[in-house]
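Below is one structure, written out as structure tokens; comments come after it.
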Amino acid sequence: ELGIEPECTAVWEGQTTAARQAAEANGAVFVSFYDVLNGPDHDEDARLKGYVWEDGMHANDAGQRVAAEALAAVGFELNERPG
């Protein structure tokens, strides 16, 4: 919306790549919420998919649900109920 979509996408992709590489280098499983919410090619609008609150930034219940499903798909299990 501000005319910097290519730059913004490049930053998000760079951060995601760095986090993925760090996780893999240390034997951790990585789930990209960027991929989950914006599609594997990062060309889907999470807001239009109904995953973001009206603030345009934070995942709503539907976005949280798909994020949790992505974590469950790689074997993550909650071992303690959050307080």
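Keep in mind the model is a prediction, meaning the values are calculated, not measured.
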Side-chain (Asn38) to main-chain (Glu44) donor-acceptor, under 3.5 angstrom: yes
All heavy atoms of Ala62 vs all of Gly50, minimum pair found to be CB-O, 3.5 Å
To the nearest 0.5 angstrom, please state how far the CD atom of Glu13 sits from the CZ atom of Arg20. 11.0 Å
Please report the closest heavy-atom contact between Ala70 and Val36, naming both atoms and the distance. CB-CG2, 3.6 Å
Interatomic spacing from NE2 in His42 to OG in Ser32 - rounded to 0.5 Å: 5.0 Å
If you round to the nearest 0.5 Å, how far is CD of Gln64 from CG of Leu37? 10.0 Å
Hydrophobic clusters here meaning ILVMFWY residues chained together by side-chain heavy-atom distances under 4.5 Å, can you tell me if Tyr51 and Val31 are in one? yes
Separation between OG1 of Thr17 and OH of Tyr34, rounded to the nearest 0.5 Å: 10.0 Å
Could you check if a side-chain atom of Val52 sits within less than 4.5 angstrom of a side-chain atom of His58, using non-hydrogen atoms only? no
Given the rule that I, L, V, M, F, W and Y join up when any side-chain heavy atoms are under 4.5 Å apart, are Phe33 and Met57 in one cluster? no
Nearest-0.5 Å distance that lies between atom CG in Asn60 and atom CG in Asp55: 9.5 Å
Going hydrophobic residue to hydrophobic residue with side-chain gaps under 4.5 angstrom, can you get from Trp12 over to Val66? no
Are any of the side-chain heavy atoms of Val74 and Phe30 separated by less than 4.5 Å? no
